[in-house]
Amino acid sequence: MRKFDTKVQYLKYKVLREVARRAWDGLTAEEVLDIPKVIVPGKEPTMRCCVYKERAILGERVKLAMGGNRGGNIIQVIDIACDECPAAGYEVTGSCRGCLANRCEDVCKRKAISFDHNHVAHINKALCVECGQCAKVCPFGAIVNRKRPCQNACKIKAIDIREDGAAQINDDKCIQCGACVYQCPFGAISDRSFIMDVIDIINKSEGNKAYKVYAIVAPAFSSQFSHASVGQAITGLKQLGFHTVIEAALGADMVAMSESRELVEKVAEKGAMTSSCCPAFVRYIKTAFPALADFVSHNMSPMAALAKYIKSTDKTAKVVFVGPCTAKKAERELEGVKEYVDAVLTFEELQALFDSKEIELTELTEDVLDNASYFGRIFARSGGLSEAVAQALKEQNIDFEAKPVICSGIEECRMALLKLSKNPKILGGNFIEGMACLGGCINGAGCLTHGEKNKNDVDKYGREAMEKTISDAVSILQ
């Protein structure tokens, strides 16, 4: 049964699974060196020019699976794997008819365009500055801008190409959304994993006797393990060694209550407010629109808010967040968050953990996960946060109309933030719900699967919540 969208995801999973298998009993240096040979046995290459290069790349993947360069960017380029994409930039295609007008030559201020004996245009890459004017004036549309998949995926232009042809991430711009990770067809860009940290936390709990290990699962959880039920996945988590599994949607209910009140205050003071739930969106504001930092909600994300609550009731607790987001790994390292969240796993990594212990979800009995309301659960998809904030205002009898500007993907976020930076009055609303991933968390880079069905699964799962109001859900915290 297929668990992943692409073979790149499957390869990443195999590395994570092999690292995890050995980590449960203590990973030795010899075992680390052996993993590439386990995945690519024999002498016949399966993906690259030779098995030696395949194993060299796998060695780098193993390093990232073991945590990579601690303290560095969550998203990292595997240099040796990044050498298959053609050079990017403007190119003349076979559609060039060698016309007489030569508009492309006339418009090029750098004199980068010349013609061969057949009058076909050519672009001198050494002179071209990629302004795109030639492509605009070509009557045949024969000049195209070819971008690498990673650059196409990165809407904030945080990826450059080095002189040797490898991709390079601008850490000052990168928001760790992971869009490039999912789109790179060679898996040359990947996120650092903390799967070994989680195994260490579980092992040292001594069966939850030394301390209890809590798993906070993101609302998008319901759309991921389609080959099994949510209840079976919860049982699987407990078999891994987690003492308790709690919905991050409960944290979303908590945030909706407080964020709705803050919205009223922020609008009165500044005219508008932006959400703070998506760490990639928040980082985008701070890096690209620093003047708008005061518009960001002061509320913690649902992950951090719920983890803080757990540790307030159990001082020795260890908390692991499980979700679809690579940016959550970066959020976990922030001051004010890292004292509450001990590690972050993606759904990809969780599947590797299940299989490292040979836990077959479809064979398990169903456990219950019912901590949150419908509104907390739909935080996973675009528009869900806005619905929850409106509901929270209603339940608290606050006479205020939330006018959301729902932004699905960083490009829509950018347009809304540009308007806000000019004047909140032209925004067209008073609350920017920003999600860096198209469709919201359900399409995060760490998901097993992507697509429209995920949204439907989240909505269906939300309607199954026993707690029908946000107030009912948060009342259990009293």
Side-chain angles (χ1 to χ4, degrees), residues 74 176 194 197-198 201-202 204-205 208 210-221 237 242-263 265-266 273-283 286 293 296-346 369-373 375-377 379-380 384-385 388-389 392 396 434 441 444 467 470-478:
I74 291 297
Q176 291 115 4
F194 298 95
D197 299 64
V198 174
I201 288 169
I202 292 173
K204 288 180 177 176
S205 75
N208 290 292
Y211 51 78
K212 293 182 177 66
V213 187
Y214 294 77
I216 296 178
V217 294
F221 189 74
L237 279 163
F242 289 97
H243 178 269
T244 305
V245 183
I246 305 176
E247 291 184 84
L250 177 57
D253 284 323
M254 296 163 63
V255 168
M257 280 297 196
S258 55
E259 195 155 288
S260 61
R261 296 190 295 268
E262 185 186 6
L263 175 62
E265 298 170 2
K266 267 284 203 309
M273 185 178 82
T274 80
S275 61
S276 59
C277 296
C278 172
F281 173 61
V282 173
R283 179 167 170 77
K286 292 180 178 179
V296 181
S297 167
H298 290 141
N299 275 278
M300 288 179 151
S301 69
M303 171 188 79
L306 185 54
K308 182 179 180 180
Y309 170 77
I310 290 170
K311 291 207 170 183
S312 71
T313 60
D314 184 349
K315 302 296 183 183
T316 66
K318 298 292 183 183
V319 178
V320 176
F321 177 78
V322 183
C325 182
T326 53
K328 283 293 183 186
K329 295 180 179 181
E331 181 191 353
R332 185 265 151 196
E333 296 184 352
L334 297 175
E335 293 295 332
V337 177
K338 63 184 179 182
E339 57 261 48
Y340 304 121
V341 182
D342 295 282
V344 171
L345 287 176
T346 62
L369 185 68
D370 194 27
N371 310 115
S373 75
F375 298 96
R377 287 180 172 182
F379 260 57
L385 167 57
V389 167
Q396 294 175 98
C441 305
E467 308 297 345
I470 299 174
S471 301
D472 287 343
V474 298
S475 66
I476 68 172
L477 303 176
Q478 305 303 319

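Predicted model only: the values in this text are computed from it and were never measured.
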Requested in this report: Could you please spell out the steps behind the side-chain contact (heavy atoms from CB on, under 4.5 Å) verdict for Tyr214 and Val320?
Outcome: CA-CA 6 Å; Tyr214 294 77; Val320 176; over 6 Å; no

Mind checking whether [X] and [Y] have side chains closer than 4.5 Å, heavy atoms only?
X: Val341; Y: Met303; result: yes
X: Thr346; Y: Cys325; result: no
X: Lys212; Y: Thr316; result: no

Query - Polar contact flag, side-chain donor to acceptor under 3.5 angstrom, Ser260-Gln396 - result: yes

Query - Candidate pair Ile216 and Val322, rule side-chain contact (heavy atoms from CB on, under 4.5 Å), full reasoning - result: CA-CA 6 Å; Ile216 296 178; Val322 183; over 6 Å; no

**Report entry** Aromatic Tyr211 / basic Lys318 pairing, under 6.0 angstrom, 45° off normal
**Finding:** yes

Could I get the full list of side-chain contact (heavy atoms from CB on, under 4.5 Å) partners for [X], not counting sequence neighbours?
X: Ala215; value: Phe242, Val245
X: Ala252; value: Pro302, Phe379
X: Glu262; value: Lys266, Met273, Ser297, His298, Asn299
X: Ala330; value: Ile74, Gln176

Query raised in the report: Does the pair Ile310 and Ile246 meet the rule for a side-chain contact (heavy atoms from CB on, under 4.5 Å), with working shown?
Result: CA-CA 10 Å; Ile310 290 170; Ile246 305 176; 3.8 Å; yes

Does [X] have any side chain to side chain donor-acceptor pair (under 3.5 Å) partners at least two apart in sequence or in another chain, and if so, which?
X: Thr313; result: none
X: Ser471; result: Glu395
X: Lys308; result: none

Within this structure, what is the [atom1]-[atom2] distance for the pair [X] and [Y], rounded to the nearest 0.5 Å?
X: Phe375; Y: Met257; atom1: CZ; atom2: CE; result: 10.5 Å
X: Asp197; Y: Ile202; atom1: CG; atom2: CD1; result: 11.5 Å
X: Leu263; Y: Ser275; atom1: CG; atom2: OG; result: 11.0 Å

With sequence neighbours left out, write down each residue that passes salt bridge (charged side-chain N to carboxylate O under 4.0 Å, His left out) with [X], or none if nothing qualifies.
X: Lys286; result: none
X: Lys338; result: Glu335
X: Glu339; result: none

Requested in this report: Kindly state each residue pair satisfying salt bridge (Lys or Arg N to Asp or Glu O under 4.0 Å) with at least one member in residues 320-331, sequence neighbours excluded.
Outcome: Asp191-Lys329, Lys328-Glu331, Lys329-Glu349

Report summary line: So the side chain to side chain donor-acceptor pair (under 3.5 Å) pairs with at least one residue in residues 244-254 (sequence neighbours excluded) are Glu247-Arg377, Asp253-Ser373

Report task. Please lay out, stage by stage, how Arg332 and Phe194 fare under the test side-chain contact (heavy atoms from CB on, under 4.5 Å). Result -> CA-CA 11 Å; Arg332 185 265 151 196; Phe194 298 95; over 6 Å; no

Requested in this report: Measure across Pro219 and Ala380 and return the closest heavy-atom pair with its distance rounded to 0.1 Å.
Outcome: CB-CB, 3.6 Å

Report task. Ignoring hydrogens and angles, tell me if any N or O in the side chain of Asn371 forms a donor-acceptor pair with the backbone of Ala473 under 3.5 Å. Result -> no

